[in-house]
Amino acid sequence: MIRHRLLLLGMKETEDFSKADFILFNTCAIRENAENHLYGELGQVKGIALTRKDLFVAVCGCVMQEEKPVRYVLDHFPFVSLVFGTNNIDAFYVLLEESIKAHATYVDVRSQPTALVESQEEDTSGRTSRYTAFVDIAYGCNKFCTYCIVPYTRGKERSRRKEDIVNEVLFLKERGYRQVTLLGQNVDSYGKDFGDKYAFADLLEAVAQTGIERIRFTTPYPSDFNDKVFDVMAKYDNVMPALHLPMQSGSDAILKRMNRRYTRKEYLDIVHSLRKRLPDVYLTTDIIVGFPGETEEDFQETLSLCKEARFDGAFTFIFSSRPGTPASRMKDDTPDSVKHERFDRLKDLIDSLSEEKAKSMVDTVQEVLFETVSRRDQNRISGYDRHGKLVHVTGDPSLIGQIRKVKILESHTYSLVGELLDD
């Protein structure tokens with residue numbers, strides 16, 4: 001959204017700080033490393049800002065919803081001209097104008113989210129791809145998992161109107177987009193602020209009925225799912241057979257400490273219900289290792305759940321404490337060496353499951369939407385099959401944006417190599 005608005009002002013992009021007149025850092029508070037990375041990037045800009053009085057630097061996003069990082073930025077990087085959070089992004093033009101008028105650092109961080117404001121795009125220049133697009137369906141989170149800062153920085157759940165979302169998808173389809181990914185902190189909570197627990201399934205069906213060729217969505221919350229969503233996935237061929245379903249832990253004791261609102265059994269029941277309707281679904285997850293209080297027995301429960309669920313891939317993390325969350329105040333006496341050893345064991349298991357899935361795809365024919373050209377070889381192009389698996393082939397760059405059939409020749413843990421088949 002912000003990128004689009006800057007382009008509408010006539011700005012052009014550059015990746016070189018020294019050539020920029022306007023630098024914007026959009027931050028994420030989910031992991032502490034991202035916050036530290038911001039400070040490092042601002043440090044790189046500092047030297048330029050001291051010699052370029054006309055340089056405008058802004059910082060926005062989730063990290064700026066926290067008082068401590070805002071104070072740190074103001075104290076250590078006085079050249080920053082504008083600081084704002086996630087709850088007033090729609091007022092970007094006004095904030096920009098006010099900060100220029102102020103001739104000093106302008107800070108506008110609101111603790112409460114404003115009402116959603118729909119803005120109809122007149123073009124697609126702000127999007128980074130001409131063929132795939134992300135479409136927000138909801139903002140915020142009501143879950144308050146004990147390790148997560150998001151509910152405090154992004155506010156309560158707010159859903160967009162279904163008709164506005166469908167119209168945006170139609171807009172993209174008419175302009176040649178082949179795939180949309182519906183986004184929300186908890187997509188399957190969509191519409192619950194309207195009092196409709198089946199709203200996400202109805203929205204997914206309405207988007208499928210637009211006829212756009214590919215639909216994905218992320219991220220769902222396990223206990224908010226209902227079988228109607230899986231029925232829609234099975235009914236419509238343009239809803240991709242792929243699901244990212246965060247598990248976080250396989251131990252009921254740890255799930256409770258995390259304030260995850262489901263049990264191990266309930267999670268597995270969801271997986272079995274999904275696979276019953278979509279046997280070939282590509283299932284991925286999130287897992288946190290070393291959460292405060294995790295014992296070896298708890299960790300073994302996580303490993304056994306992975307084996308039973310047969311995940312095709314996973315994003316695995318060693319617990320990272322975020323100041324201000326309940327988990328940051330929990331006793332954490334597990335040595336780092338133990339956490340890293342568990343992490344390595346989990347990664348080995350996930351890699352073996354991924355390799356097994358990849359090998360089973362050799363000699364099959366997959367439909368691939370090509371998105372990029374290799375930087376190393378202009379005759380090599382890459383894209384994703386219906387399951388979300390990365391596929392590389394030798395092919396002409398003119399195929400970017402097309403969906404073509406590919407025979408899979410080689411399998412690697414997280415990617416495939418194939419050859420184009422003539423239509």
Side-chain angles (χ1 to χ4, degrees), residues 28-34 141 143-150 185-188 217-225 242-272 274-275 281-322 325-328 330 332 334-358 387-389 413-414:
C28 175
I30 292 179
R31 292 180 62 80
E32 186 176 13
N33 286 344
C141 179
K143 299 306 182 193
F144 289 93
C145 299
T146 57
Y147 54 82
C148 186
I149 198 71
V150 168
Q185 193 65 34
N186 299 310
V187 290
D188 44 346
F217 59 87
T218 194
T219 304
Y221 188 89
S223 61
D224 285 334
F225 253 131
L243 180 66
H244 184 73
L245 190 65
M247 173 187 85
Q248 306 302 2
S249 174
S251 163
D252 283 340
I254 298 301
L255 288 172
K256 186 174 182 180
R257 288 174 67 82
M258 290 178 169
N259 194 34
R260 299 291 285 182
R261 306 177 188 189
Y262 53 85
T263 64
R264 171 192 177 91
K265 181 181 182 303
E266 288 169 341
Y267 184 93
L268 285 170
D269 286 345
I270 295 167
V271 171
H272 295 324
L274 170 67
R275 291 199 186 279
V281 69
Y282 191 83
L283 182 64
T284 57
T285 194
D286 291 338
I287 304 171
I288 297 174
V289 174
F291 189 80
E294 181 188 71
T295 64
E296 176 62 24
E297 182 180 0
D298 293 321
F299 179 67
Q300 288 295 332
E301 288 287 290
T302 294
L303 294 180
S304 66
L305 195 154
C306 290
K307 293 174 184 177
E308 185 168 349
R310 307 296 301 174
F311 292 121
D312 299 299
F315 294 101
T316 54
F317 310 92
I318 294 175
F319 172 71
S320 173
S321 178
R322 299 299 290 121
T325 62
S328 69
M330 293 180 181
D332 184 9
T334 304
D336 284 344
S337 59
V338 173
K339 293 180 181 181
H340 282 84
E341 188 271 336
R342 289 176 185 169
F343 178 84
D344 290 341
R345 277 191 282 160
L346 175 62
K347 185 178 182 300
D348 288 343
L349 173 59
I350 296 299
D351 284 351
S352 67
L353 293 172
S354 297
E355 288 173 4
E356 182 180 332
K357 177 70 173 184
H387 300 91
K389 194 76 172 177
T413 304
Y414 295 108

Do the side chain of [X] and the main chain of [Y] share a donor and acceptor less than 3.5 angstrom apart?
{"X": "Y267", "Y": "A309", "value": "no"}
{"X": "N259", "Y": "F144", "value": "yes"}
{"X": "T146", "Y": "R257", "value": "yes"}
{"X": "T285", "Y": "M247", "value": "yes"}
{"X": "D312", "Y": "L283", "value": "yes"}
{"X": "E341", "Y": "S337", "value": "no"}
{"X": "D252", "Y": "T263", "value": "no"}
{"X": "T413", "Y": "E355", "value": "no"}

Flag side-chain contact, heavy atom, 4.5 Å: [X] against [Y]:
{"X": "F319", "Y": "D332", "result": "yes"}
{"X": "L346", "Y": "F299", "result": "yes"}
{"X": "K357", "Y": "R310", "result": "no"}

Do you know which two heavy atoms are closest between [X] and [Y], and how far apart they sit?
{"X": "P220", "Y": "P246", "value": "O-CD, 3.3 Å"}
{"X": "L353", "Y": "F311", "value": "CB-O, 3.3 Å"}
{"X": "N186", "Y": "C141", "value": "ND2-SG, 3.3 Å"}
{"X": "S251", "Y": "D298", "value": "OG-OD1, 2.8 Å"}
{"X": "V289", "Y": "K339", "value": "CG1-O, 3.7 Å"}
{"X": "P292", "Y": "A327", "value": "CG-O, 4.1 Å"}

So C306 and I350, side chain to side chain contact (heavy atoms under 4.5 Å, CB included) or not? Walk me through it.
CA-CA 8 Å; C306 290; I350 296 299; 4.1 Å; yes
What's the spacing between [X] [atom1] and [Y] [atom2] if we round to 0.5 Å?
{"X": "T219", "Y": "Q185", "atom1": "OG1", "atom2": "CD", "result": "7.0 Å"}
{"X": "D286", "Y": "F317", "atom1": "CG", "atom2": "CZ", "result": "5.0 Å"}
{"X": "I149", "Y": "S321", "atom1": "CD1", "atom2": "OG", "result": "9.5 Å"}
{"X": "F291", "Y": "S320", "atom1": "CZ", "atom2": "OG", "result": "12.0 Å"}
{"X": "L303", "Y": "R342", "atom1": "CG", "atom2": "CZ", "result": "10.0 Å"}
{"X": "L268", "Y": "R275", "atom1": "CG", "atom2": "CZ", "result": "10.5 Å"}

Picking from K265, E266, R260, R264, what satisfies side-chain hydrogen bond (donor to acceptor under 3.5 Å, both in side chains) with Y262?
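Looking at K265, E266, R260, R264, the match for Y262 under the side-chain hydrogen bond (donor to acceptor under 3.5 Å, both in side chains) is R260.
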State, without any angle test, whether Y414 and D351 hold a side-chain donor-acceptor pair at a distance under 3.5 Å.
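Judged by distance alone, the side chains do pair up.
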Verify the neighbour count for atom NE2 of H272: are there more than 12 heavy atoms of other residues, nucleotides or ligands below 6.0 Å?
yes
Whether K389 engages the ring of Y282 as a cation-pi pair (distance to the six-membered ring centre under 6.0 angstrom, angle to the ring normal within 45°) should be assessed.
no
F225 and L274: CA distance, side-chain angles, deciding distance, side chain to side chain contact (heavy atoms under 4.5 Å, CB included) verdict:
CA-CA 10 Å; F225 253 131; L274 170 67; over 6 Å; no
Could you please spell out the steps behind the side chain to side chain contact (heavy atoms under 4.5 Å, CB included) verdict for M258 and I288?
CA-CA 10 Å; M258 290 178 169; I288 297 174; 4.0 Å; yes
Might you work through the side chain to side chain contact (heavy atoms under 4.5 Å, CB included) test for L255 and E301, ending with a clear yes or no?
CA-CA 11 Å; L255 288 172; E301 288 287 290; over 6 Å; no
Between the side chains of E296 and R345, is the shortest nitrogen-to-carboxylate-oxygen separation below 4.0 Å, so that they form an ion pair?
yes
